Amino acid sequence: MDNKTMARLLEETADLMEIDGADSFRIRSYRRAAEAAEQTTIELASAVQDTARLLEIDGIGKSMASKLQAIAATGSLPQRDELLTKYGAGVLSLLKLPGMGPKTVSLLWDAAQVASIEQLAEAIDAGRLKGLPRMGAKQIEKLRKGIDDYRRSAGRFRLDVAEDEARRIVAHLLKFPGIEKATPAGSLRRGRETVGDLDVLATGPGCEPGQTAAAVEHVAGYPGLHDMIAKGENKVSFHTGLGLQVDVRLLPSASYGAALQYFTGSKGHNVSLRQRALKMGYTLSEWSLAMLEGGAMVAAATEEEIYAALKMEWMPPEMRENLGEIDAAVQGTLPRVISLEDIRGDVHMHTTASDGNNSVREMADAALKCGYKYLAITDHSKNLAMTNGLDEKRALEHIARIREVEKEMEGGIRIFTGIEVDILGDGALDLADEVLAQMDIVIASVHSRFEQPREEMTARVLRAIENPNVRILGHPTGRMLLRREPIAIDIEAVLRRAAELGVAVEHNASPERLDLNDRDLRLAKELGCKIVMSSDSHDARNLGRLDYGIRQLRRAWLTPEDVLNTRDAEGFLGGLRPRG
DNA sequence: GCCGTTTTCGGCCCGACTGTTTTCAGTCG
């Protein structure tokens, strides 16, 4: 079992304890232990042999060590199992609804026998929530909307989760001598924000027609397999423990390119491509591009051959959404979309001054290792008290510290001073302007916790970016993938005003954030809005992990020119709104 | 349940906001 899974079990136990009304400090210990399990570089599954090693981890004491050992041995935790029996497995999903915390779950369980999202929907429809404490019309409406949003995203997985699984599956497939190549396809390869299921293609001598029996058995032996859906000659389908459906397809080498093209999609792209093939006297399938008359094969082994035979440029999978890429590829006018190598600096990160894990120096060293020319330290401001946010005095001291570290680096890297301020309920910022004016970069971030009706929310953000000290708008939609829908805001009005003011808009690369969706990004480009790519790292190890965010930019056809931190340090600063 | 000690107990990130309240509980970050 990997660290992530163990962390998840601890986290779930903490959630259940909270519903059960356990001691809050004990609960916090479980959460800290879960975080430690996720963060540590120690491989827990093997470290459980050695209790002393577990105790070295901050946040793991004697009791947690034995719990980790129990998890490793039995796959679960007695406390968790007991509470799950008591409340039912559905309560954990109830917690995912916005505005729903442990107290409300507990109330619903006690007063209305609600223990799952299904039962909550029933109870709302039956009017059984009316009259319960703190359950007014607004609250019930909020829950109803939350249920709708939840149902819409059910069965989907975040890109990073799917990619982790894909990586493990590919590694497993390549262990079999008859498999030479294994590639994830489908929406994962297109870099969609979320993925419904996973297509993995495998090819090699063991995948040739009529000889697949041994390879099929090898696939079926994947350790992460939870239950088998179907097992045929060329395809094995199963669920993983998380419920992600995986289809592994075994293909002859000669058809690899055609299959990769076919299974990468999208549907619209493939339909258009097949139409073009027909017009040219070909037929395109997952097996090959062939002559319409006689069926002689034209191309099949690689995607490049197929696109070339159709007299068009090959294009990155992210662009295959039937949004004009076929015409552009035929005319040779596909833009050179941005890639990870274009990024020259990261401009949103946290240190131990607020809620990060590393010092300014450690972040700078990590940035240097990523090949960056610059970084910006942007810790939280005081309003986010739980993050140990900086007040005016500490913010000024922090700037001084950042400047010192920049000197220590002896010109190796530029370090911008900065801060991530909170936008208050009335659109004001939570730090004094005199202090903000001394920062290289002020990111004003939208947080959904103060969500208001759309008009008010929009007005609040518009007011915040009018402040001349604000140079970047952070988390413009406040969404968390699969957890919280974007906040209700007129994003077009916000992007338009930001473009006018020269305020850059952040696209956070963290796979649970991806602040702007495909449509927002296209809109931003259209409006001439400057985009800034950032990792929002709280740990030096996450610096440079921009690939998920980059893929969204590629999907929206953004080029290096559209993104400010593809420029050098001076170019980046110069591209921001001049300081007020 | 963890941790560090003024070392075997007693502390443990807390402030803003919303909705339901009429003084505050619950959620979020």
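Lettering follows sequence order; numbering is per chain, from 1. Fair warning: this is a prediction, and the values are worked out from it, not measured in the lab. All values below were derived from every heavy atom in this structure, side-chain atoms included, with hydrogens, water molecules and symmetry-related copies excluded.
Rounded to the nearest Å, the gap between the C1' atom of B:dC13 and that of B:dC24 is 22 Å. Separating the C1' atom of B:dT6 from that of B:dG11 is a span of 13 Å, rounded to the nearest Å. Going from the P atom of B:dT8 to that of B:dG15 covers 30 Å, rounded to whole Å.
Residue A:H447 has its side chain nearest to B:dG29 when only B:dG26, B:dG1, B:dG29 are considered. Considering only side-chain atoms of A:Q79, the nucleotide from B:dG15, B:dT18, B:dG1 that sits closest is B:dG1. For A:A385, counting side-chain heavy atoms from C-beta on, the closest listed nucleotide (B:dT20, B:dC12, B:dC14) is B:dC14. In the set B:dT27, B:dC12, B:dC13, the nucleotide with an atom closest to the side chain of A:P102 is B:dT27. Comparing B:dG19, B:dG15, B:dG1 by their closest approach to the side chain of A:D23 singles out B:dG1.
Residue A:K142 places no side-chain N or O under 4.0 Å from the OP1 or OP2 atom of B:dT27. Between A:R134 and B:dG26, a side-chain N or O to OP1/OP2 separation shorter than 4.0 Å is present. A sub-4.0 Å separation between OP1 or OP2 of B:dC13 and a side-chain N or O of A:R28 is present. Residue A:S29 has no polar side-chain atom (N or O) positioned under 4.0 Å from OP1 or OP2 of B:dC12. Phosphate contact (OP1/OP2 of B:dG29, side-chain N/O of A:R484, threshold under 4.0 Å): present.
Nucleic acid contact for A:M386: base, since at least one base atom lies under 4.0 Å from a heavy atom of the residue. Nucleic acid contact for A:P98: sugar-phosphate only, since backbone atoms but no base atoms lie under 4.0 Å from a heavy atom of the residue.
The distance from atom CG of A:D422 to atom P of B:dA16 is 10 Å, rounded to the nearest whole Å. A:L129 places its CG atom 14 Å from the C1' atom of B:dT20, with the value rounded to the nearest Å. Taking atom CD1 of residue A:I27 and atom C1' of nucleotide B:dC13, one finds them 16 Å apart after rounding to whole Å. A straight line from CE of A:M17 to C1' of B:dG1 spans 8 Å, rounded to a whole angstrom. To the nearest angstrom, C1' of B:dT18 lies 14 Å from CG of A:L143. Atom CE of A:M457 is separated from atom P of B:dC17 by 11 Å (rounded to the nearest Å). Between the NZ atom of A:K67 and the P atom of B:dG1 there is a distance of 5 Å, given to the nearest Å. Rounded to whole angstrom, the span from the CD atom of A:Q452 across to the P atom of B:dG19 amounts to 9 Å.
Base pairing annotation: B:dT8 forms no Watson-Crick or G-U wobble pair, as no partner gives both donor-acceptor distances under 3.5 Å.
Note: A:H380 and A:H350 have parallel aromatic rings, judged against thresholds of 30 and 60 degrees for the angle between ring planes. The aromatic rings of A:F416 and A:Y374 sit tilted relative to each other, their planes meeting at an angle between 30° and 60°.
For the residue pair A:T51 / A:Q69, a side-chain donor-acceptor distance below 3.5 Å is found, with atom types taken as modelled. A side-chain donor-acceptor contact under 3.5 Å links A:T351 and A:D379. There is no side-chain donor-acceptor pair under 3.5 Å between A:T13 and A:Q79.
A:R53 and A:E56 are not joined by a salt bridge, as no carboxylate oxygen comes within less than 4.0 angstrom of a charged side-chain nitrogen.
Residue-to-nucleotide proximity on DNA chain B shows that, of A:K103 and A:N383, the 5′-proximal contact is made by A:N383. Residue-to-nucleotide proximity on DNA chain B shows that, of A:M480 and A:M135, the 5′-proximal contact is made by A:M135.
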